[in-house]
Amino acid sequence: MKPLLSTAVPRTERLLNALTLLLLVGQVVLIIGYYAQLPETIPVHFGLAGKPDRWGGRGQLFIVPGLATFIFVIFWSIRQIPPDYYNMPTPLTPENRERQIRNTHEMLAMLACVVMIFMFWSLWDWIRSVSNGELVRSKIAPLIFIGLSILGTIIYYVRRAYTLK
């Protein structure tokens with residue numbers, strides 16, 4: 001079976017993967033570090049107004065790194081799919097194949113990292129607000145930020161794909 005790419009993973013992609021894994025592990029470390037200081041029952045869901053509308057045990061904080069791990073595995077798994085099944089913005093040719101695949105893999109690594117940054121920040125903000133006794137969290141700005149970050153990342157890499165053809 002022919003390898004997908006002829007050389008090792010580029011430095012940028014390795015750094016993005018390392019940062020993503022660091023943020024993932026950091027979520028667990030953050031929870032463990034604050035766990036004993038948190039009340040037994042904490043708000044686990046906030047409505048659009050930022051007020052809690054569901055309560056649960058502090059162990060539910062571990063759902064966030066669990067979900068983050070699942071998302072990381074999805075992004076990693078997509079990179080294992082043969083590129084012939086990708087929906088590329090430009091046709092793959094023998095001349096551009098490696099450049100296009102690397103661009104796509106880097107985009108997936110960047111998207112995973114952006115999502116992990118948001119999840120880490122969201123978990124930190126949740127723990128901070130609970131440990132400070134705050135029961136109101138404004139989540140509109142972070143949602144806009146994550147949406148624009150994901151959209152901006154996709155636009156950047158799709159435009160780059162056209163220049164790499």
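Note that the numbering runs from 1 along the sequence shown for the chain. Bear in mind that the values here come from a model prediction, so they are computed numbers and not experimental data.
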Say whether, by atom type as modelled, one donor and one acceptor occur between the side chain of Asn96 and the main chain of Pro91 under 3.5 angstrom.
yes
Keeping the roles fixed (side chain from Trp126, backbone from Pro43), state whether a donor-acceptor pair exists under 3.5 Å.
yes
Task: Test item: Asn103 side-chain N/O and Tyr157 main-chain N/O as donor-acceptor pair under 3.5 Å - done: yes
So OG1 of Thr20 and CG of Leu108: to nearest 0.5 Å the spacing works out to 11.0 Å
>> Is any side-chain heavy atom of Arg102 closer than 4.5 Å to one of His105?
In response: no
To the nearest 0.5 Å, atom CE of Met110 lies from atom CG of Leu19 at 9.5 Å
Discussion item. If you count every heavy atom of other residues, nucleotides or ligands that lies below 6.0 Å from Arg159 atom CZ, does the total exceed 12?
Written reply: no
Checklist entry - Any link between Val115 and Trp76 through a network of hydrophobic side chains (Ile, Leu, Val, Met, Phe, Trp, Tyr) touching at under 4.5 Å? => result no
Decide yes or no for Asp125 and Arg128: does some side-chain heavy atom of the first lie under 4.5 Å from some side-chain heavy atom of the second?
yes
The complete set of salt bridge (Lys or Arg N to Asp or Glu O under 4.0 Å) pairs with one or both residues in residues 141-154, sequence neighbours excluded, reads none
Here the gap from Ile42 atom CD1 to Ile127 atom CD1, rounded to the nearest 0.5 Å, amounts to 8.0 Å
By salt bridge (charged side-chain N to carboxylate O under 4.0 Å, His left out), Arg160 pairs with (sequence neighbours left out) Glu106
- Does Met116 share a hydrophobic cluster with Leu15, counting links as ILVMFWY side-chain heavy atoms below 4.5 Å and allowing steps through other members? no
Could you check whether any side-chain heavy atom of Asn17 comes within less than 4.5 Å of a side-chain heavy atom of Arg79, counting everything from C-beta outward?
yes
Going by chain and number, the hydrophobic cluster around Val25 (ILVMFWY, side chain to side chain under 4.5 Å) further includes Val29
- Can you get from Tyr162 to Tyr156 by hopping between Ile, Leu, Val, Met, Phe, Trp and Tyr side chains that sit under 4.5 Å apart? yes
To the nearest 0.5 Å, atom CE of Met88 lies from atom CD of Gln100 at 5.0 Å
CG of Leu111 to CG of Leu16, rounded to nearest 0.5 Å, is 10.0 Å
| message | I'd like to know if Val44 and Leu38 are part of one continuous hydrophobic network [Ile/Leu/Val/Met/Phe/Trp/Tyr, side-chain heavy atoms within less than 4.5 Å]. | response | yes
- May I ask you to test the Thr104-Pro83 pair for a side-chain heavy-atom distance under 4.5 Å? no
Under 3.5 Å, side chain of Arg58 to main-chain N/O of Tyr35, donor-acceptor pair present? yes
query = Is any side-chain heavy atom of Ile78 less than 4.5 Å from a side-chain heavy atom of Ile74?
reply = yes
Heavy atoms, side chains only, cut-off 4.5 Å: are Asp84 and Arg97 in contact? yes
Sorted by chain and residue number, the salt bridge (charged side-chain N to carboxylate O under 4.0 Å, His left out) partners of Glu95 (sequence neighbours excluded) come out as none
Does Val114 reach the side chain of Phe118, with side-chain heavy atoms less than 4.5 Å apart?
no
For residues 144-153, which side-chain donor-acceptor pairs fall under 3.5 Å, sequence neighbours excluded?
unit_1	atom_1	unit_2	atom_2	d
Ser149	OG	Phe145	O	2.8
Thr153	OG1	Ser149	O	2.8

SG of Cys113 to CG of Leu21, rounded to nearest 0.5 Å, is 10.0 Å
Show every donor-acceptor pair shorter than 3.5 Å between a side-chain atom in residues 63-72 and any protein atom, with sequence neighbours excluded, or say none if there are none.
unit_1	atom_1	unit_2	atom_2	d
Thr69	OG1	Pro65	O	2.8

* Leu143 and Leu123: same hydrophobic cluster, using ILVMFWY side-chain contacts below 4.5 Å? -> yes
